[in-house]
Structures are given as C-alpha cells and as structure tokens.
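Read through the structure below, which is laid out as structure tokens, and then see the notes.
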Number of protein chains: 2
Amino acid sequence: MIPTFITRNKQIILYGIALAFLIILLKWLELRFIIMDRQMDIYVGLIAVVFTGLGIWLALKLRKPKIHTVIVEKEVFTTNNQDFIVNENELRKLNLSKRELEVLQLMAGGLSNQEIADKLFVSLNTVKTHSAQIFEKMEVKRRTQAVEMAKRLSIIP
Amino acid sequence: MIPTFITRNKQIILYGIALAFLIILLKWLELRFIIMDRQMDIYVGLIAVVFTGLGIWLALKLRKPKIHTVIVEKEVFTTNNQDFIVNENELRKLNLSKRELEVLQLMAGGLSNQEIADKLFVSLNTVKTHSAQIFEKMEVKRRTQAVEMAKRLSIIP
DNA sequence: ATCAAAATCACCCTAAAGTATGACTTTAAA
DNA sequence: TTTAAAGTCATACTTTAGGGTGATTTTGAT
C-alpha cells in the first residue's frame with residue numbers, strides 16, 4: 001500500500017528532523033552550561049528523560065496498531081430465503097438416487113403420483129416404486145412426512 | 001481488573017529496576033572514562049540511544065492494544081426456526097376456523113387423518129369433514145398442496 | 001331467544017396412495 | 001467384462017384420502 005509507505009517515510013523524516021533538533025539543543029546546552037562534574041548528573045538525566053520521551057513517541061507513532069479484531073457474529077434472518085442452500089450432508093446420509101430426489105421434489109410441490117408420472121414421462125407404477133423407496137430410505141410412512149422431513153433437513157426449499 | 005493492575009505495576013517496577021541499573025552503568029562509565037570534551041559527544045549519544053530504546057520498550061509494553069471491532073454479518077440457518085411469525089393477513093384471508101387450522105397444522109406435521117382424529121379426540125369422519133373444508137377454502141385438491149401453500153403463505157412454520 | 005356458523009359424526013362411494021413381489025433394461029463402477 | 005445399483009414397469013392388494021350428502025349439537029353474536 002502506497003499511502004502507508006508515505007506515512008511511514010514521513011515519520012522517519014520527522015524523526016530525523018527531531019533528532020537533528022535535539023543534537024542542536026544538546027550542543028547549545030553544552031555551550032551554555034560549562035559542564036562540571038556535579039552538573040553532569042543533571043545533564044545526563046535530562047538527556048535520558050528527553051530520549052526516553054522520544055522513544056515513547058517514536059514507538060507510538062511508528063508502530064502498527066495492534067488490531068485486536070473482535071468478530072461479532074450477527075444473525076441475519078432471511079424472511080424469504082430465496083438463496084436456499086441444499087444440505088448436502090443430510091442429503092448424502094439419506095442415500096437417495098437422482099430419480100428418487102426428483103420424485104421427492106415434485107412430491108413437495110404437492111403433486112400427485114399421476115402428475116409426477118406425467119411430468120417425468122414414466123408410468124404411475126414407477127413413481128409408486130420410487131416413492132416406496134423414498135419412504136423406506138427416509139424411514140417415514142407417508143409422503144407428507146417425507147416432505148416435512150426433507151424441508152426440516154434442508155434438502156428441499 | 002486486578003490482574004491488569006498487577007501486570008502494570010510489574011512493568012513499572014521493572015522500569016524502575018532498569019532505570020536504576022542504567023544509572024549505575026552511567027556512573028561506572030563516568031568513572032571509567034574521564035569524560036573530556038571530545039568524548040562527551042559519544043557518551044551523550046550512547047545515553048540517548050539507550051534511553052530511546054528504553055522509551056520504545058516502555059511504550060510497546062505499556063500501551064493498550066487498539067481494539068478494532070469488526071462486525072461480521074453472518075447468515076445463520078436456523079434448522080428450527082423457532083421465531084416463526086404467522087402471517088395473520090393471509091390467515092384471515094383464508095377464513096379458516098380454529099379447528100380447521102388445528103387440523104391443517106397437524107396435516108403439515110405429516111399426520112394421517114386417523115392420527116389427527118386420535119390427537120383431537122374426534123372421529124375420523126370429523127377430520128375428513130374439516131379437511132374437505134380446508135381444501136375448499138384454500139382452493140386446493142390435496143393435503144400436500146394445502147401444506148405447501150400454508151408454508152408458502154407463512155401460516156405454518 | 002333466535003339464528004348462523006362452527007363443530008361434530010355417519011354412510012357411501014371413488015380416487016389416490018401405499019405395500020409386496022417379480023421381472024426386465026440401463027448404467028456406472030470394480 | 002462382470003456385477004451391483006438404478007431405473008423401469010406390471011399385477012394384485014390394502015389402506016388412506018377425498019367427495020357428496022345429510023344430520024345433530026354447540027357456540028357466539030344480534
């Protein structure tokens with residue numbers, strides 16, 4: 001990221017200027033007070049304090065902020081769940097064949113066995129066989145139960 | 001928070017110890033090299049570097065991390081949509097009686113007419129009469145269609 | 001008190017759904 | 001290529017669902 005780079009460079013430039021200014025300040029102080037043995041402690045202490053402050057400022061300015069990301073999961077309830085996602089896991093568990101799933105989907109649409117047969121271009125008996133297989137695999141007794149279960153398991157919308 | 005307090009105090013104590021150690025180091029250096037005007041710069045520079053480092057370390061240790069809260073909207077697929085809201089509007093339109101709605105709800109649960117009759121303590125014929133009324137009012141032919149429609153209209157979960 | 005709607009139940013009949021079994025073909029995998 | 005699963009269809013039978021009609025009782029509103 002280019003803006004981040006510029007920002008960081010600016011900081012370094014600022015630090016350089018500050019450092020230069022501090023050196024000048026030190027030289028000035030050196031000339032002002034004739035440094036004696038006794039005054040040495042105060043001078044060194046001052047330098048220590050100033051540079052500690054500089055270090056703190058530096059660290060605060062240059063360091064990338066520690067971003068402690070708190071992810072808050074917010075539940076979004078979709079009233080009209082048009083973007084229905086099939087629960088592939090449950091679907092696999094049921095072990096329904098392609099044709100059986102088709103029949104189940106049409107069942108859920110409220111179609112009769114005859115209507116399903118017409119739609120799939122097969123005989124009524126075939127649909128009955130499929131539905132019998134579906135009920136066995138889903139461990140239900142009626143088509144209404146099969147549909148109810150399929151919806152609950154998110155196999156059909 | 002008490003642990004946070006202790007932690008912060010520990011840091012201050014450590015800083016104090018470090019500071020004391022540095023002062024001792026400075027005194028030792030002071031005695032070691034007879035500080036001359038020329039050596040002064042080096043000495044001061046060393047102090048500046050050390051205390052800048054100390055300041056940086058201090059800031060890094062003591063500063064509270066910036067907490068960046070990211071709210072992520074996550075779609076939650078509730079298998080048991082307990083917070084189901086009945087579409088009173090559609091329900092009124094259908095003009096179903098109390099009993100008819102009960103039968104419809106049990107139908108949606110995949111129950112047979114006989115099972116519904118047992119659950120409501122009425123005869124099978126009564127359930128048939130009710131269901132016939134339901135189909136007429138909903139303008140459907142089968143119970144599967146009635147259930148499908150009722151779910152679509154948010155009359156039942 | 002009256003009246004209509006709701007709720008109850010019965011009988012008969014048909015349609016649809018579901019069960020059981022067997023057989024044949026197609027398809028995909030070992 | 002063999003083999004199992006899937007898909008197809010049929011026949012016979014049982015169960016459940018649904019349609020039509022009529023009747024009685026309960027309930028709530030005017």
Side-chain angles (χ1 to χ4, degrees), chain A residues 86-153 155-156, chain B residues 86-153 155-156:
Chain A
V86 177
N87 190 335
E88 301 284 356
N89 215 23
E90 291 294 338
L91 185 55
R92 233 177 299 114
K93 275 188 199 164
L94 289 178
N95 196 29
L96 293 175
S97 74
K98 243 180 288 176
R99 212 52 162 167
E100 283 159 11
L101 182 60
E102 279 185 279
V103 172
L104 179 58
Q105 285 166 339
L106 294 173
M107 258 183 195
L111 275 71
S112 69
N113 285 340
Q114 188 58 62
E115 286 169 337
I116 294 168
D118 293 343
K119 194 153 259 179
L120 297 180
F121 302 104
V122 294
S123 79
L124 175 61
N125 288 306
T126 304
V127 176
K128 284 186 175 186
T129 308
H130 284 316
S131 58
Q133 277 289 311
I134 292 166
F135 302 150
E136 198 180 322
K137 286 181 179 177
M138 296 183 86
E139 294 174 2
V140 295
K141 292 202 192 309
R142 283 175 286 282
R143 56 175 51 241
T144 49
Q145 288 182 343
V147 171
E148 203 274 334
M149 191 183 193
K151 293 208 176 197
R152 200 158 38 73
L153 297 179
I155 287 161
I156 49 172
Chain B
V86 177
N87 190 336
E88 302 283 356
N89 215 23
E90 292 293 340
L91 186 55
R92 233 177 299 116
K93 276 188 200 166
L94 288 178
N95 196 30
L96 293 175
S97 74
K98 241 180 289 179
R99 211 53 161 169
E100 283 159 10
L101 182 60
E102 279 185 280
V103 172
L104 179 59
Q105 286 167 337
L106 294 173
M107 258 184 195
L111 276 69
S112 69
N113 286 340
Q114 186 59 62
E115 286 168 336
I116 294 168
D118 294 342
K119 195 153 258 181
L120 297 180
F121 302 106
V122 295
S123 78
L124 174 61
N125 288 307
T126 304
V127 176
K128 283 187 175 185
T129 308
H130 284 317
S131 58
Q133 276 289 311
I134 292 166
F135 302 150
E136 198 179 321
K137 286 181 180 177
M138 294 182 87
E139 295 173 2
V140 295
K141 291 201 191 310
R142 282 175 288 281
R143 70 215 276 98
T144 48
Q145 288 182 342
V147 170
E148 203 273 334
M149 191 183 194
K151 293 209 177 198
R152 202 160 34 75
L153 297 178
I155 287 162
I156 49 172

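Per chain, numbering begins at 1; letters A, B, ... match sequence-line order.
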How does protein contact run along nucleotides 17-30 of chain D, one letter per nucleotide 5' to 3', with B for base contact, S for sugar-phosphate only, - for none, heavy atoms under 4.0 Å? BBS-----------
Looking at B:His130, is its backbone amide N or carbonyl O close enough to the side chain of B:Gln133 to form a donor-acceptor pair, meaning the two atoms are under 3.5 Å apart?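 It does not hold such a pair.
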Donor-acceptor under 3.5 Å (B:Glu115 side chain, B:Ser112 main chain):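 The answer is yes, because a donor-acceptor pair under 3.5 Å joins these two groups.
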Before you tell me yes or no, could you show the steps for A:Glu136 and A:Lys141 under salt bridge (Lys or Arg N to Asp or Glu O under 4.0 Å), namely the whole-Å CA-CA distance, both residues' side-chain angles and the distance that decides it to 0.1 Å? CA-CA 8 Å; A:Glu136 198 180 322; A:Lys141 292 202 192 309; over 6 Å; no
Determine whether the side chains of A:Ser123 and A:Thr126 contain a donor N or O and an acceptor N or O closer than 3.5 Å.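 Yes, a side-chain donor-acceptor pair sits under 3.5 Å.
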Hey, what do you get for [atom1] ([X]) to [atom2] ([Y]), rounding to the nearest 0.5 Å?
{"X": "A:Leu104", "Y": "A:Met138", "atom1": "CG", "atom2": "CE", "answer": "5.5 Å"}
{"X": "A:Leu106", "Y": "A:Asp118", "atom1": "CG", "atom2": "CG", "answer": "11.0 Å"}
{"X": "B:Ile155", "Y": "B:Glu90", "atom1": "CD1", "atom2": "CD", "answer": "6.5 Å"}
{"X": "A:Leu94", "Y": "A:Glu139", "atom1": "CG", "atom2": "CD", "answer": "9.0 Å"}

Determine the contact category for A:Ser123: base if any of its heavy atoms lies under 4.0 Å from a base atom, sugar-phosphate if only primed atoms, P, OP1 or OP2 are that close, otherwise nothing.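 Sugar-phosphate, no base atom in range.
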Between B:Lys93 and B:Glu88, is a salt bridge (Lys or Arg N to Asp or Glu O under 4.0 Å) present by the stated rule, with each step listed? CA-CA 9 Å; B:Lys93 276 188 200 166; B:Glu88 302 283 356; over 6 Å; no
Are B:Lys98 and B:Glu102 close enough, and set up right, to give a salt bridge (Lys or Arg N to Asp or Glu O under 4.0 Å), and what steps lead you there? CA-CA 6 Å; B:Lys98 241 180 289 179; B:Glu102 279 185 280; over 6 Å; no
Using heavy atoms to find the nearest nucleotide of DNA chain D for A:Lys137 and A:Phe121 separately, return the residue whose nucleotide is more 5′.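 Here A:Lys137 is the residue nearer the 5' end.
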Short side-chain N/O contact from A:His130 to OP1 or OP2 of D:dT8, under 4.0 Å: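 Looking at the OP1 and OP2 atoms of D:dT8, one of them is under 4.0 Å from a side-chain N or O of A:His130.
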Five pairs at each end of the helix from C:dA1-D:dT30 to C:dA30-D:dT1: take the axis at both ends and give me the angle between them to 10°.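 Inter-axis angle at the termini of the helix from C:dA1-D:dT30 to C:dA30-D:dT1: 60°.
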Using the heavy-atom set of chain B and a strict 4.0 Å cut-off, write down the first and last nucleotide of DNA chain C that makes it in, 5' to 3'.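 The contact span of chain B on DNA chain C goes from C:dA6 to C:dA17.
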